[in-house]
Every structure is written in C-alpha cells, then in structure tokens.
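To start, the structure itself, in structure tokens.
These values consider heavy atoms only, across backbone and side chains, with no hydrogens, waters or symmetry-generated copies. These figures come from a predicted structure and were not determined experimentally.
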Amino acid sequence: MSILYLLIPLSLILLSLAVWAFFWAVKHDQFEDLEGPAHQILFDDEEQDFTEEERRRRADARRQTKDSNVKRED
C-alpha cells in the first residue's frame with residue numbers, strides 16, 4: 001500500500017511530461033505535413049540537384065510521354 005505514495009506522484013509527473021511534449025509538438029508544427037515525407041521517399045531524383053537545362057529536358061520528356069499515353073487511350 002505504501003508503494004502507491006510513490007507510484008501516484010510518479011504517474012502524474014509522467015502524465016504532465018507527456019502533455020507538455022504533445023503541446024510543444026503542436027506549437028512547433030510537428031503535425032503540419034504528415035504525408036509529405038512519406039511520399040518524398042518514393043522519388044529517387046531531387047529536382048534541385050539538376051541543372052536548369054536538365055530540368056527542362058526531363059519536363060519535355062514527361063510531356064511527350066503524357067501526350068503519347070493520351071493518344072493511345074483515344
């Protein structure tokens with residue numbers, strides 16, 4: 001029974017620490033974008049690593065692929 005005098009304050013301290021951590025995370029926008037990092041891992045190449053010419057070339061290739069896929073569906 002005497003252990004309750006230790007466990008109750010300890011549990012209240014842990015609870016207050018968890019509540020503080022939650023409000024800190026909300027205040028510092030830790031829950032703003034939950035899906036973005038999960039989707040970013042799917043992309044191998046980062047656009048900012050390429051030169052401007054390479055970005056244009058890749059965009060043109062994507063456009064051509066998209067256009068050819070649309071023509072096939074018609």
- For I8 and S11, work out which heavy atoms get closest and say how close.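 Heavy atoms of I8 and S11 come nearest at O-OG, 2.8 Å.
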Do [X] and [Y] belong together in a cluster built from hydrophobic side chains that touch within less than 4.5 Å?
| X | Y | result |
| --- | --- | --- |
| L34 | F22 | yes |
| L17 | W24 | yes |
| L12 | L4 | yes |
| L15 | V26 | yes |

- Task: Take atom CD of E35 as the centre, draw a 6.0 Å sphere, and report whether it contains more than 12 heavy atoms from other residues, nucleotides or ligands.
- Result: no
- Task: For atom CZ of F31, decide whether the heavy atoms of other residues, nucleotides or ligands shown that lie under 6.0 angstrom number more than 12.
- Result: yes
- Quick check: does any side chain N or O of D29 sit under 3.5 Å from a backbone N or O of E32, one acting as donor and the other as acceptor? no
- Item | Close side-chain approach of R57 to E53, heavy-atom, < 4.5 Å |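 R57 does not reach E53 side chain to side chain.
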- Find the distance between CH2 (W20) and NZ (K27) and round it off to the nearest 0.5 Å.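 Those atoms lie 10.5 Å apart.
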